[in-house]
Chemist: 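One structure follows; several queries about it will come next.
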2 protein chains.
Amino acid sequence: MMFSKACEYAIRAAIFLSANSGDGVLVGISDISSEIGAPKHFTAKILQVLTRKRLVSSQKGVNGGFYLDAVQKGRPVIDIVIAIDGDNIFKGCGLGLRECSEKEPCPLHHKFLAVRSGLTQLLTESTIGSLAHSLESGSSFLKKS
Amino acid sequence: MMFSKACEYAIRAAIFLSANSGDGVLVGISDISSEIGAPKHFTAKILQVLTRKRLVSSQKGVNGGFYLDAVQKGRPVIDIVIAIDGDNIFKGCGLGLRECSEKEPCPLHHKFLAVRSGLTQLLTESTIGSLAHSLESGSSFLKKS
DNA sequence: ATACTTAAAGACCTTTTTATCCTTTAACGA
DNA sequence: TCGTTAAAGGATAAAAAGGTCTTTAAGTAT
Ligand code: FES
Ligand code: FES
């Protein structure tokens, strides 16, 4: 698909954390993985990466877990995507040419730009927190019921 | 990226064939792969699939090779994508939920629809032949120079 | 202090994708 | 009809993605 599996899980985990954690309210890896319907250990590995990149906060020890602070909830989703999948989907050529450029464009280049910038815009203007709102109001979901 | 490597090669091969073959004018696998900058044997595999699905024509034996007839040149690029990668990118959930639906949408669903339908439209309205034109006129390319 | 809980880290395994090679089959020309 | 040629197809290999498990160490409560 569009994003790697790891990236899909990352976005879902981040949105879930935004809706269910905060300063002083932590969530453990078992809860996160089961609530977003993702493999536990794999999710842990992904959260490690996000934590190292400061997109997610964590606390070890008793009653430890993961959480998002106010700043992190305000981050655009594109930050998560780039942290996990890199920026190739936003900058690379859709037909796999070594680089996407105006000077030597592939046959799809011009039409592609519109779609790609639409995607970029969507992920830039959507913050993790804003997406979490629809989750909290029950109008969106993170796993099949 | 957006498409699998196999799919990228498939699209490039199809566009190249549209520009460089026709009834009576065949192109061999070595030419195709070198002109689109793709691994030879892998390209052969992919063309086998496209041939079996009648998106590409082939001729065995002496002076054999691959070609596209008029009808095949008129096919939309989306046919190639679906033949190789399936329709998940057009119908599946962007966050990897088991299914994309209005009833149980993921938090990105609504914004995603626009991007996805933009992509679908782009690939549906672009025929292989039409993309080949920009190649023939030298205003687009299929590999890094 | 220490015992316990939990995230961090990393080794390991499985599956899928990407890529190569080699044998078989079919078409065609001489 | 024989030999050449090129696609078809199967089998294999390497690499990347996806997923699991075990060990380590940080922090907390007691
Ligand atoms: S060159 Fe292919 S998308 Fe820009
Ligand atoms: S449910 Fe996620 S894109 Fe439609």
Side-chain angles (χ1 to χ4, degrees), chain A residues 1-14 17 21 24-34 36-68 81 83-86 88-89 92 95-96, chain B residues 1-14 17 21 23-34 36-68 81 83-86 88-89 95-96:
Chain A
M1 247 317 301
M2 210 92 143
F3 306 126
S4 70
K5 231 79 185 86
C7 189
E8 292 174 352
Y9 296 150
I11 298 172
R12 277 149 63 186
L17 277 176
S21 78
V25 185
L26 312 196
V27 189
I29 190 64
S30 297
D31 285 335
I32 299 173
S33 61
S34 79
I36 67 175
K40 178 172 165 179
H41 297 284
F42 193 30
T43 306
K45 185 179 277 191
I46 294 161
L47 283 174
Q48 263 177 49
V49 175
L50 295 181
T51 301
R52 220 175 304 130
K53 302 204 175 182
R54 310 267 176 231
L55 292 168
V56 165
S57 302
S58 70
Q59 184 78 275
K60 283 188 175 182
V62 176
N63 298 323
F66 296 90
Y67 68 99
L68 259 54
V81 176
I84 304 293
D85 280 352
N88 199 256
I89 194 174
L95 292 191
Chain B
M1 251 307 308
M2 211 97 147
F3 307 127
S4 69
K5 231 79 186 87
C7 189
E8 293 175 351
Y9 296 151
I11 297 171
R12 277 148 65 185
L17 277 176
S21 78
D23 291 335
V25 185
L26 312 196
V27 189
I29 190 64
S30 297
D31 285 335
I32 298 172
S33 62
S34 79
I36 67 174
K40 178 171 166 180
H41 298 284
F42 192 33
T43 307
K45 272 272 125 67
I46 294 161
L47 284 174
Q48 262 178 50
V49 174
L50 295 181
T51 301
R52 222 177 300 131
K53 302 205 173 178
R54 310 264 175 234
L55 292 168
V56 165
S57 303
S58 70
Q59 186 77 276
K60 281 188 178 184
V62 177
N63 298 325
F66 296 91
Y67 68 99
L68 259 55
V81 176
I84 303 294
D85 280 353
N88 199 257
I89 195 175
L95 292 192

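Residue numbers start from 1 in every chain, and the chains themselves are labelled A, B, ... in the order their sequence lines are given, proteins ahead of strands. Any value given below was found using the heavy atoms of this structure, including those in side chains, with hydrogens, waters and symmetry copies removed.
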Chemist: Could you pick out which residue, B:R52 or A:K40, lies toward the 5' side of DNA chain D when each is mapped onto its nearest nucleotide?
Modeler: B:R52
Chemist: Mind listing the closest non-hydrogen atom pair of A:V81 and A:C7 along with its distance?
Modeler: CA-SG, 3.7 Å
Chemist: Distance check, rounded to the nearest 0.5 Å: A:Q48 atom CD versus A:R52 atom CZ?
Modeler: 6.0 Å
Chemist: B:V25: which residues meet the side-chain contact (heavy atoms from CB on, under 4.5 Å) condition with it, sequence neighbours left out?
Modeler: none
Chemist: Of all the nucleotides listed (D:dA7, D:dT20, C:dG29), which has the minimum atom distance to the side chain of A:P39?
Modeler: D:dT20
Chemist: Just to verify, what does A:K40 make a side chain to side chain donor-acceptor pair (under 3.5 Å) with, not counting sequence neighbours?
Modeler: A:S30
Chemist: Output the rounded distance in Å from CG (B:L50) to C1' (D:dA7).
Modeler: 14 Å
Chemist: Can you check the B:Q48 CD to D:dA11 P distance for me, whole Å?
Modeler: 13 Å
Chemist: Round to the nearest Å and state the distance from B:R12 atom CZ to C:dT18 atom P.
Modeler: 13 Å
Chemist: Rounded to whole Å, how long is the line connecting atom CD1 of B:I46 with atom C1' of D:dA8?
Modeler: 15 Å
Chemist: Output side-chain donor-acceptor pairs under 3.5 Å for residues 54-68 of chain A, partner residues at least two apart or in another chain, one line each.
Modeler:
residue	atom	partner	partner atom	Å
A:S57	OG	A:Q72	OE1	2.9
A:S57	OG	A:Q72	NE2	3.0

Chemist: Distance from A:L26 atom CG to A:I32 atom CD1, nearest 0.5 Å?
Modeler: 9.5 Å
Chemist: Scan nucleotides 16-18 of chain D against the protein and return all N/O pairs shorter than 3.5 Å with their distances rounded to 0.1 Å.
Modeler:
residue	atom	partner	partner atom	Å
D:dG18	OP1	A:K5	N	3.3

Chemist: Take atom CG of A:N63 and atom C1' of D:dA26, then tell me their distance rounded to the nearest Å.
Modeler: 14 Å
Chemist: Mind listing the closest non-hydrogen atom pair of B:F3 and B:I89 along with its distance?
Modeler: CE2-CD1, 4.2 Å
Chemist: From CZ of A:F66 over to P of D:dG27, roughly how many Å is that when rounded to an integer?
Modeler: 14 Å
Chemist: Of all heavy-atom pairs between A:A83 and A:V49, which one has the smallest distance, and what is that distance?
Modeler: O-CG1, 4.4 Å
Chemist: Taking only residues two or more places apart in sequence or in another chain, which ones pass side-chain contact (heavy atoms from CB on, under 4.5 Å) with B:A38?
Modeler: B:Y9, B:I36, B:T43
Chemist: Report the distance from atom CD1 of A:I29 to atom C1' of D:dT22, rounded to the nearest whole Å.
Modeler: 16 Å
Chemist: Give every pair of a protein N or O atom and an N or O atom of nucleotides 22-27 of chain C that lie under 3.5 Å apart, one pair per line with the distance.
Modeler:
residue	atom	partner	partner atom	Å
C:dT25	O2	B:K60	NZ	3.3
C:dA26	O4'	B:K60	NZ	3.1

Chemist: Please report, rounded to the nearest Å, how far the P atom of D:dA26 is from the CG atom of A:L26.
Modeler: 19 Å
Chemist: Any side-chain N or O of A:S58 under 4.0 Å from OP1/OP2 of C:dA8?
Modeler: yes
